[in-house]
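Let me begin by presenting the structure, written as structure tokens, before commenting on it.
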Amino acid sequence: MKAIVDCNSFYCSCERLFRPDLQNKPIVVLSNNDGCIISRSDEARKLGVGMAGPYFQARHIIEQNDISVFSSNYHLYGDMSRRVMDTLRTLAPEVEVYSVDEAFLDLSELPVEELAAYARHIRNRVEQWTGISVSVGVAPTKTLAKLANLQAKKDKKATGCVKVLLTQEEQRIALQQTRVDNIWGVGRSYAGKLINWGITSAWELSNMPEEWAHTNMGGVTGVRLIRELRGTPAIAMEDELVNKRMIATTRMFGRPVTALYELKEAVATYISRAAEKLRRQQSAAKVVSVFIVSKEQDHLADFKRGATISNYTTLDRASSLTHELIKPAIELVEQLFENGKEYKKAGVMLSGLVPDSSVQGNLFVPASQNQHRHLMHAIDNINFSMRDDAVKFGSSGMSKNWKMRQELRSARHSTRWEELKEIK
DNA sequence: TCTGGGGTCCTAGGACCC
DNA sequence: TCTGGGGTCCTAGGACCC
């Protein structure tokens, strides 16, 4: 049996930890650039604040109801996430961190009759140790566990945030109560098709033949989904600490950007950030990609499908050194940039990742390479322990007035000494 | 006026090989 | 006029996740 443990309104819960006055009050957390609502408390949901909607559209509800608003504070959420995951590792032999606020636990060693009590124990311990409240779903497969978790969250009072689907009968009822668009692995595109075909509940989908799923739902992915819904594990627990295969840093700008030099500054800044992530997992990148997005003139167009143009360079030799990666990236920007256009977003991607052979120093490369490696290490350490970007490359610019807005961010209470919470 | 920032996996199709 | 069968590797793009 597998469990999924999911933090309730995670970002909002983190903000409330340091603002006990907001307990049981409506609050929301915004995405970068204060663009979208990415987390909302139950109270805010009940007032009619939608999920993942643009902030400006919900603004009137927010102001009318005096809902507290926060810009996202990823230092705080990252640190709280680590504490939750550390707690979960004391509770199961195998833990797969699935996202910042979710983890799968392997509970197959536990007798089935103890599962419900153990799930409640997990919930209580995480809340007691970290202050974050979680929901727990338990079932024979990951997909059914996610479905159980959804039900636990939907009616917190009745379930106590814990739902266990042991028997086939329990699973059937849960499947019948779940709409296809709420299934883990069914997104907007498939949901639309399924409903057109008259398949509306998870139960109906689970009764479709595997060959049908293979033809109509993305090949093996669809077959796995059907099996998982029927209670046959088809998606295994993943190993942890697997290195990323791609590293991206992308941002909206705080205002439209028209000057090439600003675009170059932004891309140099993003490369610096991406290269840090690269070195943290001791990888080097062979491919550098850059994309820029111009402001959509046609207001009827879907804003996400704005005019994105991109290009990439393949390096002769994989590198993890910031300056070696900035150079090709800047050249790409120069190619992509068009005078007179307004840009709203840019991003960089590092791929073709391989283990970084220069980590230990390499006899077969010039000594200067190893020197650079030490320099990078020193810069990373300084930037990690001091303020962000205390040391950076000149091409990243000094003023950065294209930077995103983050006007409502709370203090980084748990990761910066100077921002430690004071109690008088 | 104002719409995030990461990631993963899978498939189809082209280039190339013998 | 006729023109095989099989395989690998790579990339672009689509779908999904939180």
Side-chain angles (χ1 to χ4, degrees), chain A residues 4-7 9-11 28-39 50-60 62 69 71-72 74 77-78 81 96-104 142-143 146 149-150 180-194 213-225 228 234-236 238 242-256 270 273-274 277 281 286-287 289 291 293 295-296 299-306 308 310-312 314 342 344-353 404-407:
Chain A
I4 178 89
V5 179
D6 186 327
C7 301
S9 306
F10 181 55
Y11 295 170
V28 299
V29 174
L30 305 180
S31 65
N32 269 331
N33 221 28
D34 295 344
C36 288
I37 293 165
I38 51 172
S39 181
M51 185 60 179
Y55 174 40
F56 73 90
Q57 279 176 9
R59 203 158 191 158
H60 63 283
I62 288 170
V69 181
S71 299
S72 29
Y74 292 110
Y77 312 150
S81 172
E96 175 195 334
V97 177
Y98 178 64
S99 76
V100 69
D101 71 332
E102 280 178 66
F104 287 102
K142 282 181 163 180
T143 307
K146 289 283 287 186
N149 191 286
L150 191 75
V180 280
D181 54 326
N182 283 327
I183 301 170
W184 185 56
V186 176
R188 247 190 13 195
S189 165
Y190 286 145
K193 288 182 192 165
L194 288 170
H214 192 274
T215 334
N216 296 295
M217 295 193 72
V220 299
T221 320
V223 176
R224 279 186 204 140
L225 177 61
E228 285 261 315
I235 305 174
E238 303 258 340
V242 175
N243 279 346
K244 295 192 173 86
R245 293 155 185 229
M246 178 203 99
I247 287 172
T249 300
T250 71
R251 296 277 183 282
M252 300 278 300
F253 298 128
R255 57 160 175 79
Y270 303 162
R273 183 72 59 243
K277 298 181 200 168
Q281 66 167 38
K286 194 113 171 74
V287 178
S289 321
F291 71 84
V293 185
K295 244 179 107 173
E296 194 53 66
H299 290 280
L300 297 172
D302 180 352
F303 78 94
K304 290 222 162 156
R305 308 179 73 87
T308 300
S310 64
N311 205 348
Y312 64 89
T314 305
E342 286 191 312
K344 62 175 183 182
K345 181 178 185 174
V348 303
M349 274 179 262
L350 302 177
S351 53
L353 305 191
M404 63 187 182
R405 294 184 296 268
Q406 260 194 328
E407 286 156 6

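When reading the values below, keep in mind they use all heavy atoms of this one structure, side chains included, and skip hydrogens, waters and symmetry mates. Throughout, protein chains are lettered first and strands after them, A, B, ... in sequence-line order, and every chain is numbered starting at 1.
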ask   = Which nucleotide in the set B/dC2, B/dT8, B/dG4 lies at the smallest distance from any side-chain heavy atom of A/K244?
value = B/dT8
Of A/I38 and A/M246, the one whose closest DNA chain B nucleotide lies more 5' = A/I38
ask   = Using a cut-off of 4.0 Å on non-hydrogen atoms, how would the nucleic acid contact of A/L225 be classed: base, sugar-phosphate, or nothing?
value = nothing
task = Look at the side chain of A/R224 and decide which nucleotide, out of B/dT8, B/dT3, B/dC9, has an atom nearest to it.
result = B/dC9
remark   = 5'-most contact on DNA chain B (nearest-nucleotide basis), A/T249 vs A/G219, goes to A/T249
note = Of C/dT11, B/dG4, B/dT8, the nucleotide closest to the side chain of A/Y312 is C/dT11
ask   = How long is the line joining OH of A/Y98 and P of C/dC18, in whole Å?
value = 5 Å
request  = Output yes when at least one side-chain N/O atom of A/K146 is less than 4.0 Å from OP1 or OP2 of C/dC18, else no.
outcome  = yes
inquiry  = Testing the basics here: between A/I37 and A/A58, what is the closest heavy-atom pair and its distance to 0.1 Å?
reply    = CD1-CB, 3.7 Å
ask   = Of the nucleotides C/dA12, C/dA15, C/dC18, which one has an atom closest to the side chain of A/S189?
value = C/dA15
message = Can you tell me if A/R245 touches the phosphate of B/dC9, counting only side-chain N or O atoms and a distance under 4.0 Å to OP1 or OP2?
response = yes
request  = Kindly point out which of B/dC10, C/dC18, C/dA12 is positioned nearest to the side chain of A/T221?
outcome  = B/dC10
note = Minimal heavy-atom distance between A/W184 and A/L225, with the atoms involved, is O-CD1, 3.7 Å
query = Which part of the nucleic acid, if any, lies within reach of A/D101 when heavy atoms closer than 4.0 Å are counted: base, sugar-phosphate only, or nothing?
reply = sugar-phosphate
query = For A/V186, which contact category applies under a 4.0 Å heavy-atom criterion: base, sugar-phosphate, or nothing?
reply = sugar-phosphate
ask   = Is the CZ atom of A/R255 crowded by more than 12 outside heavy atoms at less than 6.0 Å?
value = yes
remark   = Checking C/dC16, B/dT3, B/dG5 against the side chain of A/P54 (C-beta onward), the nearest is B/dT3
inquiry  = Under 3.5 Å for both donor-acceptor distances, Watson-Crick or wobble: does C/dC18 have a partner, and if so which one?
reply    = B/dG5
key: Options B/dC2, B/dC10, B/dG6, nucleotide nearest the side-chain atoms of A/V220   = B/dC10
query = For A/I247, which contact category applies under a 4.0 Å heavy-atom criterion: base, sugar-phosphate, or nothing?
reply = sugar-phosphate
Short side-chain N/O contact from A/Y74 to OP1 or OP2 of B/dG6, under 4.0 Å = no
task = Please determine if A/K142 and A/E96 form a salt bridge, counting it only when a charged side-chain N lies under 4.0 Å from a carboxylate O.
result = yes
inquiry  = Looking at every non-hydrogen atom in both residues, tell me the closest pair between A/A234 and A/E228 and how far apart they are.
reply    = N-OE2, 2.8 Å
key: Proximal nucleotide (of B/dG5, C/dC17, B/dT3) relative to the A/W184 side chain   = C/dC17
query = If you check the A/Y190 side chain, which of B/dG5, C/dC16, C/dC18 turns out closest?
reply = C/dC16
remark   = The nucleotide from B/dG6, C/dC16, C/dC18 with an atom nearest the side chain of A/K277 is B/dG6
inquiry  = For a quick test of reading the model, state the closest non-hydrogen atom pair linking A/V186 to A/M217 and the distance between them.
reply    = CG2-CE, 4.3 Å
